[in-house]
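We number each residue from 1, following the sequence as shown. Indexing begins at 1, ligand by ligand and atom by atom, following the structure's order. Reckoned from all heavy atoms, side chains included, excluding hydrogens, waters and symmetry mates.
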Amino acid sequence: MQKDFRELTAVERQLIENEHAHLEQFLWELHEACCEFDSLKECHGCDKEKFASCQGRLISFEYVFIDFVIRHFENEEKIMSEICYTQNAKEFFHMHVQEHEKLLLEMESLMHKLSAESEQGFTAGAIRELYYRVAELFGKHASTFDNLLLNHHESGKK
Ligand SMILES: [Fe+2]
């Protein structure tokens, strides 16, 4: 598979790696916003203002994150379309693009469900679920698809 497409240039690699780091940072900031993240409790220990701020933060995270992910996928896909030598590579990258579409749909439905839970008062649980689920979805995607593009062979590395 490696000789089916050219190596990324330093600029292309840097762009993808920076965006991956940015996605992780986004997710980590949401984790950090919740006081009860590790306690596995709900929001009863937090006052009204803090609760409202976490609710708002979750909603804005959902929009900003999805927006960023869409742009990131477009960048990755543009790079992929420019580096194929063979039909084999084109097919693999086509699968990668389809996987992006699936990921986006999954994220949108997850966010829809979690917004509703947060509105019912379960914001800490919604933040936890979002954090773990997004980390899982993106981790799996990276080890199956992005690592090959970036020429990383260790699993789990983005
Ligand atoms: Fe990807």
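Backbone or side-chain N, O or S atoms of E99 do not reach the Fe ion (ligand 1) at under 2.8 Å.
Counting just the N/O/S atoms of E76, the one with the shortest distance to the Fe ion (ligand 1) is named OE1. As for D146, its N/O/S atom nearest the Fe ion (ligand 1) is the one called OD1. Between the Fe ion (ligand 1) and the N, O or S atoms of H141, the shortest distance is to NE2.
For the residue pair E76 / H96, a side-chain donor-acceptor distance below 3.5 Å is found, with atom types taken as modelled. For E62 and H112, the side-chain atoms include no donor-acceptor pair closer than 3.5 Å. Side chains of H20 and H72: a donor on one and an acceptor on the other come within 3.5 Å. Side-chain atoms of E77 and H100 form a donor-acceptor pair, as typed in the model, at a separation below 3.5 Å.
The aromatic rings of F26 and H22 stand perpendicular to each other, their planes meeting at an angle above 60°, with 30° marking the opposite boundary.
Rounding to 10°, one obtains 90° for the angle at the Fe ion (ligand 1) between NE2 (H100) and NE2 (H96).
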